[in-house]
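This report refers to the structure that appears directly beneath it.
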Number of protein chains: 2
Amino acid sequence: MSEHQTEQDGARTQLTEYLARNGMKQTRQREAILESFLGVSGHITSENLYEYVRAQYPDIGAATVYRALKLFCDAGLAHALHFQDGVTLYEHEGHHHDHLICVGCGEIVEFECDDIEDFQLRIARDHGYRLTKHRHHLYGYCAKCQSSGTDRK
Amino acid sequence: MSEHQTEQDGARTQLTEYLARNGMKQTRQREAILESFLGVSGHITSENLYEYVRAQYPDIGAATVYRALKLFCDAGLAHALHFQDGVTLYEHEGHHHDHLICVGCGEIVEFECDDIEDFQLRIARDHGYRLTKHRHHLYGYCAKCQSSGTDRK
DNA sequence: TTGATATTGATAATCGTTCTCAACTAGCGT
DNA sequence: ACGCTAGTTGAGAACGATTATCAATATCAA
Ligand SMILES: [Mn+2]
Ligand SMILES: [Mn+2]
Ligand SMILES: [Zn+2]
Ligand SMILES: [Zn+2]
């Protein structure tokens, strides 16, 4: 039994418990969508996940996928991100990190910086704020896109 | 002649030069919209600025305001921000800063942190990226919203 | 098995923003 | 001043990811 396997089982259990705790139902659709979501690594849109889901379960509707992903966030299984205005990307919930995005090819690099996290808390405290979340995105050109000079801008 | 006055004149000149340099035309509408924009301090949506503009110039259309604000960004007079997905806020272009947003009352606090800026550059460099911009938003509850406990969430 | 309640899928609606396009100018050369 | 031409405008349609609606259907505790 791989680490990956236990992680997925953990997620399934987590959803089941969340549903029970909130008087919600465990449906075929939610199980299928969770399965697809867990099978994806990285960042994905609802629309894109819908494609994957539909490949195996053609009867599941798009609205259900949108709803499920939001549910997964509420249940602590997923995390929503907004790199470009207008599209939501989801990733597996895990240890906190922020992102570096290549505006050339779309590559996404994850990073962690405790120092920055500390400064954020200090800034919030200095202004009397209690932080609930933050959004820290760095945009630029990756090494590859810099060398293949044929880029926009 | 106040500092404020010269700042506004500077902006007007900047737009005029940008337009000339790019074979674009200086129109009544653009002048009027710039006037309204300069009269606003802080952060404002296109839609909201359109209200102001319309009060003085009822014939100017919404599309023109949307276009003008985008133009002002290109000309280096304005800066676009996305605190909530789906709405664009504009502010006067000035020295760089980031934002602390109260999710209770919507208050926006501006902050600067050279240390964070430095870490950002280091992170980018470590990954071979050349940064073009970043988005750093801290969300939380301001002091006032924390005490008046009657808040959402 | 039943029945109350939650969920689903198709589709309409949302909403800030952009696009379309015919009418209208700014601004150059004359 | 005049005229040309390319850029600009305003109204309204179109967009696009997401959400709301709602009748049909599935879940699950009793
Ligand atoms: Mn990530
Ligand atoms: Mn600001
Ligand atoms: Zn790249
Ligand atoms: Zn507040």
Side-chain angles (χ1 to χ4, degrees), chain A residues 12 15-37 43-75 78-90, chain B residues 12 15-37 43-75 78 80-90 106:
Chain A
R12 280 187 271 268
L15 178 62
T16 299
E17 289 176 350
Y18 179 85
L19 293 173
R21 200 179 326 127
N22 292 84
M24 302 172 90
K25 292 170 179 172
Q26 180 119 19
T27 65
R28 256 190 293 285
Q29 290 88 337
R30 283 170 177 164
E31 285 169 359
I33 296 168
L34 177 58
E35 220 55 41
S36 296
F37 177 61
H43 311 80
I44 191 171
T45 62
S46 302
E47 209 158 13
N48 219 204
L49 182 64
Y50 170 52
E51 305 289 315
Y52 286 120
V53 171
R54 188 166 47 171
Q56 278 195 59
Y57 308 86
D59 294 341
I60 294 183
T64 303
V65 176
Y66 277 91
R67 287 187 283 235
L69 247 5
K70 187 158 292 188
L71 165 69
F72 296 167
C73 286
D74 293 340
H79 203 241
L81 297 164
H82 299 268
F83 293 144
Q84 345 156 208
D85 188 52
V87 214
T88 304
L89 283 182
Y90 291 91
Chain B
R12 279 186 272 267
L15 179 60
T16 298
E17 289 176 350
Y18 179 86
L19 293 173
R21 200 180 326 127
N22 292 84
M24 304 172 88
K25 292 171 181 173
Q26 179 120 19
T27 65
R28 258 190 293 283
Q29 290 88 335
R30 283 171 177 164
E31 284 169 1
I33 296 168
L34 178 58
E35 220 54 41
S36 296
F37 178 61
H43 311 79
I44 189 170
T45 62
S46 303
E47 211 158 13
N48 219 203
L49 183 64
Y50 170 52
E51 304 289 315
Y52 287 121
V53 171
R54 188 166 48 170
Q56 280 195 58
Y57 308 85
D59 294 341
I60 294 183
T64 303
V65 175
Y66 278 91
R67 287 186 283 233
L69 248 4
K70 187 157 291 187
L71 164 69
F72 296 167
C73 287
D74 292 341
L81 297 164
H82 298 268
F83 293 143
Q84 344 156 207
D85 188 53
V87 214
T88 304
L89 283 181
Y90 291 90

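Chain naming here is simple, since letters A, B, ... match the order of the sequence lines and numbering starts at 1 in each. All of these numbers come straight from a predicted model, not from anything done at the bench.
Comparing D:dT18, C:dT8, D:dA11 by their nearest atom to the side chain of A:Lys70 picks out D:dT18. When each of C:dT8, D:dA17, C:dG9 is scored by its nearest atom to the side-chain atoms of A:Ile60, the top-ranked nucleotide is C:dG9.
Between B:Glu31 and B:Arg28, no side-chain nitrogen of the basic residue sits less than 4.0 Å from a carboxylate oxygen of the acidic one, so the salt-bridge criterion is not met.
When the side-chain nitrogen and oxygen atoms of A:Thr88 are compared with OP1 and OP2 of D:dT18, one or more of them lie within a distance under 4.0 Å.
Closest heavy-atom contact between A:Tyr50 and A:Gly61: CE1-C, 3.7 Å. The nearest pair of heavy atoms linking B:Val87 to B:His82 is O-ND1, 3.6 Å.
What separates CG of B:Leu69 from C1' of C:dG16 is a distance of 13 Å, to the nearest Å. The CG atom of B:Asn48 sits 13 Å away from the C1' atom of C:dG16 (whole-angstrom rounding). Nucleotide C:dG9 holds its P atom 13 Å from the OH atom of A:Tyr57, rounded to whole Å. Regarding B:Leu49, its CG atom lies at a distance of 15 Å from the P atom of C:dG16, rounded to whole Å. Look at CG on B:Asp59: it is 11 Å from P on C:dT25, rounded to the nearest Å. Atom pair A:Glu31:CD and C:dT8:P shows a separation of 11 Å (rounding to whole Å applied). Rounded to whole angstrom, the span from the CG atom of A:Leu71 across to the P atom of D:dT18 amounts to 16 Å. Atom CD of A:Gln84 and atom P of D:dG16 are 14 Å apart (whole Å).
Heavy atoms from other residues, nucleotides or ligands lying under 6.0 Å from OH of B:Tyr52 number 12 at most.
Although no hydrogens or angles enter the test, the distance criterion places no donor-acceptor pair under 3.5 Å between the side chain of B:Arg30 and the main chain of B:Phe72. A:Asp85 places no side-chain N or O within 3.5 Å of a backbone atom of B:Asp85 that could act as its donor or acceptor partner.
Positionally, the nearest nucleotide of DNA chain C for A:Arg30 lies more toward the 5' end than for the other of A:Arg30 and B:Leu89.
Under the 4.5 Å side-chain criterion, counting only non-hydrogen atoms from C-beta, A:Leu19 is not in contact with A:Thr27.
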Heavy atoms under 4.0 Å is the rule here; annotate nucleotides 24-30 of chain D 5' to 3' with B where the base is hit, S where only the sugar-phosphate is, and - elsewhere. --BBS--
